[in-house]
K.L.:
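Okay, here's the structure, questions in a sec.
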Amino acid sequence: MVMYKKVVLITGGSRGIGAAAAKLLAERDYVVAINYKENHNSAKELVKSIHAMGGQAAEFQADISDEQQVEALFSSVLLKFGPITHLVNNVGVLAQQQRVESMTAERINHIFQSNVTPYFICAREVIKHFKEHEDMSKCAIVNVSSAASRLGGANEYVDYAASKGAIDTFTTGLSLELAQYGVRVNCVRPGCIYTDIHRDGGEEARVSRLAPQLPLRRGGTALEVANAIAWLLSDEASYATGSFIDLAGGK
Ligand code: NAP
């Protein structure tokens, strides 16, 4: 059997869900390119921990909301590891909880420039990498959306929820465009997951506050989301494209 080298790029892979996916995919013999924006230490520590378990990984600084930095990121990964075979479009940001009636255009544009446009640009760049491979049907993309795309984010961040609604539609459209090559494009929609994103939204303990109201009566872990990402990327999910997995404790 011919073994192919699996190279995955995870945007925003240095913390939270991205970091859990990075570790899991490294365990499953992917070479892991970990993108981050600011916190070099946490990216470096993650790479060290992957090396310690015998995996292959490196960190790549780039602000994913800047098109030129994204292009440079894909060139750097190509240079270090060769063409990418798998992409996890994972970066997502929140702004301080606020009702729509108070939102500025600056805030809304920041959310869409971080959460939506980069998913398109990273897909555009990764398709060039996929085309370097003899068998593109081994290549796959997972987009990280949110349960907020279904629920609306009322009184907290409707802008963020709407940006994730765009990612759901993007997943459907891109999956149909790439199906002719056998490239699969799928999506996970996490609910309340214990990560630092909630601190950035102004309520560090948000998951603990909401957990009792969830059907499963608890928040989720980054690993529980990473498991679904890893499955969707893998050959085990070979007939899944344009699919959505909700990891939201039943809500
Ligand atoms: P997180 O813990 O806040 O981690 C954010 C990651 O993104 C970090 O690695 C950060 O790097 C990076 N990042 C932020 N802005 C960036 C930019 N412009 N360019 C490059 N990297 C950037 O996030 P998370 O909770 O794991 O969320 C991951 C995904 O899951 C997001 O799409 C989020 O919307 C989605 N999600 C999360 C939850 C939840 O409850 N946690 C629920 C639903 C959906 P630095 O640290 O270097 O800045």
Side-chain angles (χ1 to χ4, degrees), residues 9-24 32-47 59-70 72-74 76 87-95 109-119 121-122 142-153 156-157 159-168 170-171 187-211 214 218-226 228-229 244-249 251:
L9 169 63
I10 305 174
T11 67
S14 61
R15 293 193 275 122
I17 291 167
K23 279 192 182 155
L24 190 62
V32 187
I34 296 163
N35 158 250
Y36 69 100
K37 182 181 169 192
E38 278 165 2
N39 189 338
H40 183 235
N41 265 353
S42 66
K44 211 173 65 185
E45 285 307 310
L46 177 62
V47 167
E59 74 276 20
F60 297 86
Q61 194 282 327
D63 179 348
I64 218 77
S65 64
D66 180 313
E67 186 173 6
Q68 284 181 347
Q69 291 191 39
V70 172
L73 166 67
F74 277 82
S76 305
L87 170 68
V88 184
N89 257 330
N90 171 66
V91 166
V93 300
L94 283 177
N109 288 338
H110 168 65
I111 294 297
F112 276 75
Q113 278 162 14
S114 303
N115 294 1
V116 182
T117 310
Y119 280 50
I121 302 302
C122 288
V142 171
N143 294 322
V144 181
S145 173
S146 170
S149 73
R150 295 182 283 106
L151 302 172
E156 292 191 298
Y157 18 71
D159 50 353
Y160 168 84
S163 75
K164 293 303 191 178
I167 295 311
D168 290 359
F170 170 65
T171 300
C187 187
V188 293
R189 289 190 294 217
C192 284
I193 310 297
Y194 288 99
T195 74
D196 290 342
I197 200 172
H198 303 285
R199 183 194 58 207
D200 302 336
E203 189 187 355
E204 200 163 354
R206 181 174 176 271
V207 177
S208 302
R209 172 175 63 83
L210 294 174
L214 298 172
R218 67 172 180 84
T221 66
L223 180 59
E224 288 174 310
V225 182
I229 293 172
F244 296 81
I245 299 185
D246 291 307
L247 303 140
K251 192 165 174 195

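Read the numbers this way: they start at 1 and go in the same order the structure lists the ligands and their atoms. Every heavy atom of this structure was used, including side-chain atoms; hydrogens, water molecules and symmetry mates were not.
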K.L.:
Could you check if a side-chain atom of Val91 sits within less than 4.5 angstrom of a side-chain atom of Lys37, using non-hydrogen atoms only?
P.N.:
no
K.L.:
May I ask you to test the Thr11-Cys122 pair for a side-chain heavy-atom distance under 4.5 Å?
P.N.:
yes
K.L.:
I need the Ile229 CD1 to Leu247 CG distance, nearest 0.5 Å.
P.N.:
8.5 Å
K.L.:
Just distance, no hydrogens or angles: give the donor-acceptor pairs under 3.5 Å from side chains in residues 161-168, sequence neighbours left out.
P.N.:
unit_1, atom_1, unit_2, atom_2, d
Ser163, OG, Asn115, ND2, 3.2
Ser163, OG, Tyr160, O, 2.6
Lys164, NZ, Val144, O, 2.9
Asp168, OD1, Ser145, OG, 2.7
Asp168, OD2, Ser149, OG, 2.6
Asp168, OD2, Arg189, NH1, 3.1

K.L.:
Quickly, which of Val188, Ile64, Leu9, Ile17 forms a side chain to side chain contact (heavy atoms under 4.5 Å, CB included) with Asn90? Name it, please.
P.N.:
Ile17
K.L.:
Who are the residue neighbours of ligand 1 when the rule is a heavy atom under 4.0 Å from any of its atoms?
P.N.:
Gly12, Gly13, Ser14, Arg15, Gly16, Ile17, Asn35, Tyr36, Lys37, Glu38, Asn39, Ala62, Asp63, Ile64, Asn90, Val91, Gly92, Val93, Tyr119, Val144, Ser145, Ser146, Tyr160, Lys164, Pro190, Gly191, Cys192, Ile193, Thr195, Asp196, Ile197, His198
K.L.:
With a 3.5 Å cut-off and no angle check, do the side chains of Glu59 and His40 form a donor-acceptor pair?
P.N.:
yes
